[in-house]
Amino acid sequence: MESKKILFVTQAMTPYVPEDAVSRDGRKLPQALQEQGNEIRTFMPRWGIINERRNQLHEVIRLSGMNIIIDDTDNPLIIKVASLPSARMQVYFIDNDDYFHKRQMMVDAQGEEYGDNVCRAVFYARGVLETVKKLRWCPDLIYCQGWMSAVAPFYIKTAYREDPPFAQTKVVFAPYGEMPDAHLTDRLRETLAFRQADMAAVEAAGVDLTQSDALGRLAVAFSDGVIEGEQGKQSVLLDLARQMQKPVLERPADEELASAYQNFFASLF
């Protein structure tokens, strides 16, 4: 594959959060694809468990200050950045006091799933896309990793489809083991709605929002390809992708990860 601009919209990456399947890939894949000659940008949420001082996060004033309206509620967007010198990478963090400050990731300290996880995913997706527009950077491919990125394909292909950075981009979604329960979200339709990202678009794509894994189904329906992020997990979503005739890549062996992803991405162009 010739050099591409790849936007990583990831859920987590080490060393900012504890290591697991998502955060390991979130750390390794951007560097591996960069080392193969691609130009990358990486975003992740500024989870409350991240130590800003130790990881040297600082706010980017010129990118912050926008309000993102979700179901008639204003939510200030804060952008922070940190560097990984060993990988020559910058990481952008999407932050908001209500959605991330002093809060953990998918579940709270008692192991209970946050009832506003879909709202957090909506804020994250729109925050990333608005920031990319401000950066005036046009990705050839957007890789959405994990449940937190699952709303992004829907918005890229609907609400942002005519914006120059996203008009020609390909979108790949990688589901992992976790997927928030959409049943916990009150006013799900109103939470998701934004510009052309409306229920008509959802219905036209054949997505049933009454399913508990509606967020994953939405991501699959609006992606150009799907990659199995964690072996043996989310088989229902992979089967759905095949039914929708989407290209699917099953989880490669770790030593083949970078080349398999590179080849899969190339096949979409």
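What you are looking at is a predicted structure, and each value in this text was computed from that prediction instead of being measured.
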How long is the gap from SG on C138 to CG on L7, to the nearest 0.5 Å?
11.5 Å
Establish, from distance only, whether the side-chain atoms of T210 and D208 form a donor-acceptor pair under 3.5 Å.
yes
Could you tell me the separation between the CD atom of Q56 and the NZ atom of K80, rounded to the nearest 0.5 Å?
14.5 Å
Once you measure the plane-to-plane angle for F100 and F123, does it fall in the parallel (<30°), tilted (30-60°) or perpendicular (>60°) bin?
tilted
Is the NZ or CZ atom of R161 both under 6.0 Å from the centre of the six-membered ring of F166 and within 45° of that ring's axis?
no
Taking atom CZ of R189 as the centre, report whether more than 12 heavy atoms of other residues, nucleotides or ligands fall under 6.0 Å from it.
no
If you compare all heavy atoms of T42 against all heavy atoms of M13, which two are closest, and at what distance to 0.1 Å?
CG2-SD, 4.0 Å
Distance col, row I94:CD1 vs R126:CZ, nearest 0.5 angstrom, shows 12.0 Å
Out of D95, I78, T131, L77, which one pairs with S64 under the side chain to side chain contact (heavy atoms under 4.5 Å, CB included) rule?
I78
Does CD belonging to Q168 count more than 12 external heavy atoms closer than 6.0 Å?
no
What verdict does the side-chain contact (heavy atoms from CB on, under 4.5 Å) test give for L209 and L192, after you've listed the backbone C-alpha separation in whole Å, the side-chain angles of each residue and the deciding distance to 0.1 Å?
CA-CA 11 Å; L209 291 182; L192 292 171; 4.2 Å; yes
Flag side-chain contact, heavy atom, 4.5 Å: V226 against R242
no
Got a sec: does the CD of Q231 have more than 12 other heavy atoms crowding it under 6.0 Å?
no
Give the minimum heavy-atom separation between V132 and P165, together with the two atoms involved.
CG1-CB, 4.4 Å
Not counting sequence neighbours, which residues clear ring-ring contact (aromatic ring centres under 6.0 Å, His included) with Y155? List them please.
none
Minimum heavy-atom separation for P180 and L215, please, with both atom names.
CG-CD2, 3.6 Å
Do M244 and V220 come close enough that some side-chain heavy atom pair is under 4.5 Å?
yes
Less than 4.0 Å between a side-chain N and a carboxylate O, is that true for K157 and D224?
yes
Full working for side-chain contact (heavy atoms from CB on, under 4.5 Å) between F173 and I227
CA-CA 6 Å; F173 175 58; I227 295 177; over 6 Å; no
Presence of salt bridge, D140 and K5, under 4.0 angstrom:
no
Under 4.0 Å between a Lys/Arg side-chain N and an Asp/Glu carboxylate O for R24 and D254?
no
Could you check whether R41 makes a cation-pi contact with F8, meaning its NZ or CZ is under 6.0 Å from the centre of the six-membered ring and within 45° of the ring axis?
no
Can you find a heavy atom in the side chain of V207 that is under 4.5 Å from one in the side chain of F154?
no
Start with the C-alpha distance between F222 and V171, add both sets of side-chain angles, then the distance that settles side-chain contact (heavy atoms from CB on, under 4.5 Å), and finish with yes or no.
CA-CA 8 Å; F222 287 90; V171 183; over 6 Å; no
Establish, from distance only, whether the side-chain atoms of Y176 and Q145 form a donor-acceptor pair under 3.5 Å.
yes
Tell me the closest heavy-atom pair linking P45 and Q11, and the distance in Å.
CD-O, 3.3 Å
Is there a side-chain contact (heavy atoms from CB on, under 4.5 Å) between W147 and V22 once you walk through the steps?
CA-CA 10 Å; W147 71 264; V22 184; over 6 Å; no
When every non-hydrogen atom of V248 is compared with those of F264, the smallest separation belongs to C-CE1, 3.9 Å
Does R103 qualify as a cation-pi partner of W47, given the criterion of NZ or CZ under 6.0 Å from the six-membered ring centre and within 45 degrees of its axis?
no
Y114, M179: one ILVMFWY side-chain cluster at the under-4.5 Å cut-off?
no
Indicate yes or no: does R46 engage D97 in a salt bridge with an N to O separation below 4.0 Å.
no
Centre-to-centre under 6.0 Å for Y124 and Y99, is that the case here?
no
So, for R62 and K134, which heavy atoms are closest and what is the spacing to 0.1 Å?
O-NZ, 4.1 Å
Should the pair K4-E39 be classified as a salt bridge under the 4.0 Å nitrogen-to-oxygen rule?
no
Side-chain touch V172/Y261, heavy atoms, less than 4.5 angstrom:
no
Applying salt bridge (Lys or Arg N to Asp or Glu O under 4.0 Å), run through R251 and E230 and close with a yes or a no.
CA-CA 7 Å; R251 176 75 185 188; E230 197 170 358; over 6 Å; no
Taking atom types as modelled, find out whether E35 and Q31 have a side-chain donor-acceptor pair closer than 3.5 angstrom.
yes
Quick one: does N117's side chain get under 4.5 Å of L184's, heavy atoms only?
no
To the nearest 0.5 Å, what is the distance between CG on L129 and CZ on F43?
9.0 Å
Is any side-chain N of the basic residue among K28 and E255 closer than 4.0 Å to the acidic one's carboxylate O?
no
Would you kindly say whether E19 and T14 are connected by a side-chain donor-acceptor distance under 3.5 Å?
no
Side-chain heavy atoms under 4.5 angstrom apart, residues restricted to Ile, Leu, Val, Met, Phe, Trp, Tyr: same cluster for L249 and V236?
no
Here the gap from C144 atom SG to I142 atom CD1, rounded to the nearest 0.5 Å, amounts to 6.5 Å
